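Keep in mind the model is a prediction, meaning the values are calculated, not measured.
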Amino acid sequence: MTEAELLALIKEGESLRLEFKRDAPLSEADLVEAVACLANTEGGWLLLGVEDDGTISGLHPSRQPVKPAQIQALITNKTNPSVTVEVHVVPTSKGTVLAIEVPKVSGLVGLSDGRVPRRYIAGRGKPECRFLTHFEIATRWAEIRQQDYTAQVLPDSSWEDLDPLEFERLRQVVQRHPSADQNLLSLPDAELAQALGLARIYEGRLVPTVGGLLVLGREGAIRRLMPTHEAAFQVLREDRGVAFNEFYREPLLKLFERMEGLFKAYNTEEELTFGLYRVPIPLFPPEAFREALANALVHRDYRVLGTVYVRIDPEAGGLVISNPGGFVEGVTLENLLVVEPRPRNPILADVFKRLGLVERTGRGIDRIFREVLGLGRRPPDYSGSTEDTVKVVLPGGKADLNFVRLILEVQDRHRRTLGWPHLLVLRQAADEGELSVPEVARLIQQGEARARSLVEELVEMGLLEAKGSKKGRVYHLSAWVFKQLGRPTAYVYRRGFDTLQQEQMVLTYLAKHKRITRREVAELCRLTLPQAEYLMRKLRKAGKVRLVGKGRNAYYAYVGDEF
């Protein structure tokens with residue numbers, strides 16, 4: 001690893017895959033623990049000699065000279081099963097850094113004392129390392145081995161614990177949804193339950209699985225055999241008072257219908273006129289609610305006590321849906337939109353797909369984003385999720401009707417539906433002003449090649465405009481879009497002044513203040529730093545300014561007799 005590569009890595013900041021450690025000196029036990037923590041999560045890099053804020057402090061003198069082979073041997077001997085790491089010694093101007101590359105393990109790595117550490121995102125979004133409990137270790141092994149808890153039979157249960165009314169409800173759900181598996185309607189109860197994995201032959205008798213009891217069980221049996229299952233619907237007032245607060249332990253299809261009915265009662269609408277049509281604009285998009293609720297019920301961890309919450313909360317900014325159990329292995333906030341579906345409970349996921357309650361592709365997150373952004377609101381927020389909970393906030397409040405009208409106009413003009421990436425970029429550009437290709441790549445959680453293709457497509461559609469040179473190029477909303485959003489004058493400020501105006505502004509500033517830095521040029525002319533540098537390079541070539549000093553202390557001085 002080179003110094004440049006190290007600095008680029010440090011610039012990313014700490015994450016699940018990157019940890020900074022001060023070497024004061026760091027004990028062998030703490031070093032091994034940090035490595036095991038990364039190995040049990042996503043693998044990544046441990047940078048020894050770097051402060052939490054990214055400042056390089058270097059290795060402790062007692063560690064010099066560094067012997068990578070000894071460090072590798074230490075980690076191998078102190079982890080079980082052994083973790084093999086790559087150790088890079090990187091000299092820098094501020095001190096030597098030890099960059100330890102840690103692989104992701106396929107199982108669980110324990111320390112010599114038997115403890116198992118794992119990295120997770122704490123409440124404030126800061127990554128931390130903690131030790132798993134015995135129960136969490138068992139759950140983690142089940143995830144690694146892809147064991148479906150809801151597919152397990154319940155030996156203490158019997159066929160009589162399933163409710164005939166829930167079988168009828170299931171058939172009605174199939175009839176209401178054209179995308180559902182209509183072949184299920186012709187099956188008798190026993191065959192239907194087995195076809196969906198909701199019952200299995202156990203010791204010569206047909207016994208419900210965990211999933212079967214959750215979907216088709218009698219309420220009494222669910223309370224007796226599945227005490228971890230609970231859901232709540234809450235409505236909070238702006239003064240933090242409670243308008244509605246009820247808890248349920250019902251079978252999932254009945255619970256889904258109940259939650260949907262309560263949601264409809266509180267989901268107010270306004271109207272938007274578009275041409276000859278009146279388009280209803282709900283407070284929250286029903287399809288996004290259905291997908292988010294289904295995700296919470298299907299992907300929650302039924303091994304642990306906890307409640308699936310559906311809460312309308314003005315203080316939180318909208319509709320909050322949360323469930324016990326964090327993201328499953330491989331799913332993070334950084335890849336949520338693009339990662340392949342990985343259900344925690346495959347049996348339940350398959351049932352909801354075959355009944356037409358969720359997308360058969362399993363890409364429900366895409367749909368949630370598309371529906372919410374289509375109402376002119378900001379994107380759903382999953383940032384409140386933790387190691388133990390998945391939480392999404394669907395933004396509420398008054399819709400941006402101009403943004404909705406813009407979407408309808410664009411889709412009508414181009415005779416196509418805009419996808420969630422298009423809407424996400426447009427929404428971000430409307431809120432933040434400008435976006436670069438790397439920023440778009442991070443936003444849509446895809447590579448820069450896809451990001452560049454997307455912004456160029458939006459430019460061709462007349463929705464974005466490019467500004468600046470290749471290195472400092474950014475994209476902002478077009479004049480037509482600003483007009484559609486009711487902010488036509490904002491385009492002038494966003495587009496910026498032409499080059500001659502920018503040059504005149506810089507020279508006028510210099511005449512009064514005698515000096516100007518590159519950052520001040522950027523602020524004055526509303527440019528990026530590379531654009532500001534390009535402008536000043538032109539003025540230098542024209543002999544109108546001169547560069548004084550180097551590095552951070554550099555500035556430009558006024559020359560000439562124009563004033």
Would you say the side-chain atoms of E457 and H422 include a donor-acceptor pair closer than 3.5 Å? yes

Centre of W480's six-membered ring, under 6.0 Å away, within 45 degrees of the axis: is that where NZ or CZ of R413 sits? yes

With a 3.5 Å distance limit and no angle check, can you tell me whether R258 reaches the backbone of L253 through a side-chain donor-acceptor pair? no

Between D350 and R354 (salt bridge meaning N to carboxylate O under 4.0 Å), is one present in this structure? yes

Without swapping roles, check the side chain of N40 against the backbone of P117 for a donor-acceptor pair under 3.5 Å. yes

Test your reading of the model: is there a side-chain donor-acceptor pair from D313 to the backbone of L236, 3.5 Å cut-off? no

Check against ring pair (Phe, Tyr, Trp, His ring centres under 6.0 Å), W159 and F167: CA-CA 12 Å; W159 181 256; F167 279 97; 5.7 Å; yes

Taking the six-membered ring of Y309 as reference, does the cationic atom of R311 (NZ for Lys, CZ for Arg) lie under 6.0 Å from its centre and within 45° of its axis? yes

Axial cation check for Y120 ring with R130, 6.0 Å and 45° limits: yes

Evaluate the criterion salt bridge (Lys or Arg N to Asp or Glu O under 4.0 Å) for residue pair K254 and E219; output intermediate values, then yes/no. CA-CA 10 Å; K254 182 178 180 180; E219 290 185 40; 2.9 Å; yes

Would R300 and Y302 count as a cation-pi pair here, with the cationic atom under 6.0 angstrom from the ring centre and within 45° of the axis? yes

Short N-O contact, E257 and R169, less than 4.0 angstrom: yes

Within the side chain of E439, is there an N or O that forms a donor-acceptor pair under 3.5 Å with the backbone of S436? yes

Side chain Q182, main chain V174, donor-acceptor under 3.5 Å: yes

Nearest heavy-atom approach of A429 to L477 is CB-CD2, 3.8 Å

Do we get R405 above F274's six-membered ring, with its NZ or CZ under 6.0 Å from the centre and within 45° of the axis? no

Closest heavy-atom pair and its distance - F352, A294: CD2-CB, 4.0 Å

Rounded to the nearest 0.5 angstrom, the CG-CZ distance for L357 and R290 is 6.0 Å

Under a 3.5 Å cutoff, is there a donor and acceptor pairing between the side chains of T386 and D388? no

Nearest heavy-atom approach of L454 to V425 is CD2-CG2, 3.6 Å

Salt bridge flag under 4.0 Å for residues E19 and R119: yes

Pair F284-F289, ring pair (Phe, Tyr, Trp, His ring centres under 6.0 Å): steps then yes or no: CA-CA 7 Å; F284 306 106; F289 166 78; 8.7 Å; no

P380 and L394 have their tightest heavy-atom pair at CB-CD2, 4.1 Å

Does a donor on one side chain and an acceptor on the other come within less than 3.5 Å for Q411 and T417? no

State whether a side-chain donor-acceptor pair under 3.5 Å links Q445 with N335. no

